[in-house]
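Data block below; observations after.
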Amino acid sequence: MNRSLHIILNCGVVGCLGILLALAERFLDGYSIQILNLVAINILLALSLNLIYGFTGMFSLGHAGFMAIGAYVCALLILTPDQKATLFLLEPAYPWIEAAHAPFLLAVAAGGLAAGAAALLVGIPLLRLGDDYLGIATLGFAEIVRVLANNLPRITNGALGFKGIPAYADLWWNYGWCLLGLLIVVRLLGSTTGQCLKAIRDDEIAARAMGVDAFRLKLLSFTLGAFFAGVGGGLLASLLTTIDPKMFLFTMTFNVLMMVVMGGLGSVTGSVIAGAAVTMILEWLRFVENPITVGNLTLPGIPGMRMVVFSLLLIAVILFRREGLMGTREITWERMAAWVRRGRTA
Amino acid sequence: MTIEILLQHLLNGLTLGSLYALIAIGYTMVYGILRLINFAHSEIFMLGAYFVFWGVTLFHLPWPLALFGAVVAVALVGVLVDRVAYRPLRDAPRISALISAIGVSFFLQNVAIVLFKAIPREVYRPQWLEDPLLVGGVRVLPLTLFVPIFSVLLMLGLVYVVYHTKPGLGMRAISKDIETSALMGVPVNQVIALTFGLGSALAAASGIMWALRYPQLQPVMGVIPGFKAFIAAVFGGIGSIPGAVIGGVILGFLEILIVAFFPDLAGYRDAFAFVLLIVVLLVKPTGLLGARSEEKV
């Protein structure tokens, strides 16, 4: 299958997505649109962690930290100075914090860049660590970010966080950023650099012996992943219109990790499918936690049940299908064409 | 700062430190044997506190019996977690077991939220732990003495098991080389189960005493002490039991003393441990007493 056909097909898919989104915006209710928005953001987050862990083999548990940085930077930039003046109740914000203002596109990008810069800063010392030590150190980083958010009231408004963040993040912005993330990650993985990343994942020592500059490439992948995590955090802040340090607990990282593991470590399409599926199931399971009324019988809601189901699901995937839904395979046009052809001859 | 207050802080540090040390031992034993960060350990700690609570309020057991029962029950939970979630993954890549551990941790936490509800609960404290004593002119809560003393007794028991019994020999052998140990006839799975049982029992004891010291039960109460104890284990040198004890005690003292001398930093209390962790990992990843391991190609 040649390149131009690929491009035509991909553009077709994007066009279809655009039409679907336009239809969704017109005909769906607010709750469904909210879920569709979360799907896009979660796909972006899953993709960014998959780049770090699934494709480069760096077990990072710091996603909530990068998201928090992105969310706070973005929120500070889109909140108007007047809003900020009323928001900072405990202590007034620094003047430069209060004056900072930017359009949404720049604010989200700035959130991503800030997260990326943080990743670069902590990545230089931390990426020397392997496996589980890297995981626990990045987890420590995320916790430090959260403690800072709690304790810098003149920048972050402390434990209160921000309310009334302008809700700019609609379907177009979210899916736009999601597609941009997909495009960049797919292009990167298809390049020689992407091959090197996978070589590092499979065996870092062997990759280094073949002349791969492992440290630089790991740093690149870590920074890029963190950038998109920051973008995801920024979009989330604008979508939910409220953020506080409690939002960025380890649970946040856990959810993203769950999507990546379920979709398949090292599969972009796996992340897309699992990102969408997990988001929807998580929302759907909310019904379990709320009281249900059947006739005149009211079943009490069971708070916490959602995560019980999900953690069991994660354990089951790890125990019985470690490669997740897709393993390292991808759904490509070639595979689909082959599948259609096979169907026709049979 | 008067001598009396300083002494109070030192005792508090010792109490907190011995609680960290008890949890850290469980982390370090499991890591030494399986190279696995047992994330579920902090939930084991939480279960210990809850089991005593239910034993006393629901079954009206006398306090010492509830304490003993809870430790045994939690040890069984620890063994069960290993059997169900870790043992099938012995031959899998290490990170798989780690993800499984994170899953178990969230599972236990949320089961606790479902069963025990997320409302914080008050803990029953026997009266004799609350009446202050006068030791050399200093007022001391018996609790601040009880915790370190009881912890030391438990640690001595553990040291006896690990260094003077046959299963302990098995543990030390497995931590050197699991495959060779199996070939030499060490019943690997049983010894690992015993390790989980012992580690969990100590974590349960720590959770129970933690609930006496900071008397409020919550399903997420284990998370922060758990992380800090793990950090203490890394700091002391992961895989080393004396290292875990030293790391735990030092971390306990550091936390109490930094907050005592620099009250402005109190809000950052939870970040000290993580900063310490990152520094240790970068400067001396083997910790104070850890053994060097070379990566074989």
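Keep in mind it's a predicted model, so treat the numbers as computed, not measured. The analysis underlying the following values was restricted to heavy atoms, covering all of them including side chains, and did not include hydrogens, waters or symmetry mates. Just so we're on the same page: letters track the sequence lines, and every chain starts at 1.
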Got a list of side-chain donor-acceptor pairs under 3.5 Å for residues 92-104 of chain B, not counting sequence neighbours?
unit_1  : atom_1 : unit_2  : atom_2 : d
R94(B)  : NH2    : D131(A) : OD2    : 3.3
R94(B)  : NH2    : D132(A) : OD1    : 3.3
S100(B) : OG     : A85(B)  : O      : 3.0

Looking only at heavy atoms, the pair that brings V114(B) and M305(A) closest together is CG2-N, 3.7 Å
Shortest non-hydrogen pair, P125(A) vs L282(B), comes out as O-CD2, 3.2 Å
Taking [options] one by one, which has the highest count of heavy-atom pairs under 4.5 Å against chain B?
options	answer
I136(A), N150(A), D203(A)	I136(A)
A316(A), G135(A), S311(A)	S311(A)
R146(A), E143(A), M258(A)	E143(A)

Spatial distance of atom [atom1] ([X]) from atom [atom2] ([Y]) [nearest 0.5 Å]:
X	Y	atom1	atom2	answer
F107(B)	L314(A)	CZ	CG	12.5 Å
Y133(A)	L277(B)	OH	CG	9.0 Å
F274(B)	I144(A)	CZ	CD1	7.5 Å
R322(A)	L89(B)	CZ	CG	6.0 Å
Q109(B)	T251(A)	CD	OG1	7.0 Å
R306(A)	N110(B)	CZ	CG	9.5 Å

Tell me, do L139(A) and F39(B) make a side-chain contact under 4.5 Å, heavy atoms counted?
yes
More than 12 heavy atoms of other groups within 6.0 Å of [X] [atom1]:
X	atom1	answer
K246(A)	NZ	no
R216(A)	CZ	no
R321(A)	CZ	yes

Under 4.5 Å from any heavy atom of chain B, what part of [X] do you find: side chain, backbone, both or neither?
X	answer
V261(A)	side chain
N151(A)	both
L313(A)	neither

Taking distance alone, no hydrogens or angles, what donor-acceptor pairs closer than 3.5 Å link side-chain atoms of residues 53-62 of chain A to residues at least two apart or in another chain?
unit_1 : atom_1 : unit_2  : atom_2 : d
T56(A) : OG1    : L51(A)  : O      : 2.7
T56(A) : OG1    : S221(A) : OG     : 2.7
S60(A) : OG     : G62(A)  : N      : 3.3

Could you tell me which portion of [X] (side chain, backbone, both or neither) has an atom closer than 4.5 angstrom to a non-hydrogen atom of chain A?
X	result
R269(B)	neither
F272(B)	neither
L281(B)	both
V234(B)	side chain

Problem set entry | Aromatic ring proximity, centroids under 6.0 angstrom, F250(A) and F106(B) | yes
